[in-house]
Amino acid sequence: MTSPLLKIDHLEVRYGDLIGVADVSLEVPRGSVVALLGSNGAGKTTTLNAIAGIVPVSRGSVVFDGENIAGQPAYAIVRKGLALSPEGWRLFAQQSVENNLLLGATPLADRARVPRLLDRVYTVFPRLAERRAQRAGTMSGGERQMLAVGRALMSEPKLLLLDEPSLGLAPAIVDTMYDSFAALHKEGQTILLAEQSVDVALEAADHAYVLQVGRTVLEGPAKVMADNPDVQRVYLGVE
Ligand code: ATP
């Protein structure tokens, strides 16, 4: 059996005296889509940010492609092949769609790959191709979400981290977005996806973990989790 692309053991993240994540363990096998579910404040964003090196890990290990990257800076982690599409997008509003995408390719050592990666993003998200010259700040929420994912793809990550890609979007846009994720999955892209929308995430994922107050409390194959009444119960915080 090959080792997972990402393996987190007993991750803890503190914000001063506050605990953002108390004890999270999870695995992301190569080529899989894994969902990280949980309600508001459960610790999904903190977990993704800790993996990407944006917030410091106070305890535990984050082994990516065989190496413990906990404590390494974000710029070094992205060069190892791990890219985050953050909640709230953090785009350059005054820059064009294409410039935002090109900025995503900054960590890439092999510049010759940029045109091919741009083509890949435009194939996955045709809407971005149509709007390549438009300023990012004038795009709809769904288009900005696509752009944030596209920008992350431009560093050709082995692992794509997606933070709440469905947040605030109309159901039809969410479906379009998830069709694109399914296409990426089919290509072999490994994805770790944080979502509050349980149903869409479980449909897209192979495996899922549920976080509650900073701890992984449930896990299983997505198909099994979809039929598990405890998922909704834990998720909704009903005892
Ligand atoms: P959301 O969907 O609201 O982002 P989440 O599951 O991603 O929820 P986190 O944002 O990771 O949850 O928050 C986990 C816990 O850490 C919460 O109790 C939150 O209040 C706390 N927290 C998050 N960011 C900070 C911060 N910068 N400073 C202090 N506490 C924080």
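The chain is numbered in sequence order, starting from 1. Whatever order the structure lists ligands and atoms in, that order sets their numbers, starting from 1. These numbers were taken from a predicted model, which means no experiment stands behind them.
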Is K44 salt-bridged to E87, cutoff N-O under 4.0 Å?
no
Other residues, nucleotides and ligands only: do more than 12 of their heavy atoms fall within 6.0 Å of CZ on R90?
no
Could you identify the single nearest non-hydrogen protein atom to atom 1 (P) of ligand 1 and state the distance to 0.1 Å?
N40 OD1, 3.4 Å
Per-atom contacts, ligand 1 versus A42 - under 4.0 Å to a heavy atom
5 (P), 6 (O), 12 (O)
Any protein heavy atom nearer than 4.0 Å to atom 20 (O) of ligand 1
no
Measure across A105 and V114 and return the closest heavy-atom pair with its distance rounded to 0.1 Å.
CB-CG2, 4.1 Å
So which heavy atom in the protein is nearest atom 30 (N) of ligand 1, and how far is it from that ligand atom?
Y15 CD1, 3.4 Å
Sub-4.0 Å heavy-atom contact, S39 with ligand 1:
yes
Kindly identify the option in E87, E164, R14 whose heavy atom sits closest to atom 2 (O) of ligand 1.
E164
Any side-chain donor-acceptor pair under 3.5 Å between E67 and Q72?
yes
Between the side chains of N68 and S61, does any donor sit under 3.5 Å from an acceptor?
no
min-distance protein heavy atom vs atom 16 (O) of ligand 1 -> G20 CA, 3.4 Å
When every non-hydrogen atom of A136 is compared with those of L147, the smallest separation belongs to CB-CD2, 3.8 Å
Starting from atom 18 (O) of ligand 1, what is the nearest protein heavy atom, named by residue and atom, and what distance separates them?
G41 O, 4.0 Å
Side chains of E27 and Y209, donor plus acceptor under 3.5 Å
no
Run the numbers for me: atoms of ligand 1, each under 4.0 Å from some heavy atom of K44, listed by number.
2 (O), 5 (P), 6 (O), 7 (O), 8 (O), 11 (O), 12 (O)
Please could you name the atoms of ligand 1 that T46 approaches to less than 4.0 Å, counting only its heavy atoms?
9 (P), 11 (O), 13 (O), 14 (C)
Are V174 and Q145 packed together at the side-chain level, in the sense that at least one heavy-atom pair is separated by less than 4.5 angstrom?
no
Enumerate the atoms of ligand 1 whose separation from the nearest heavy atom of T45 is less than 4.0 angstrom.
4 (O), 5 (P), 7 (O), 10 (O), 11 (O)
Any non-hydrogen atom of G43 lying under 4.0 Å from ligand 1?
yes
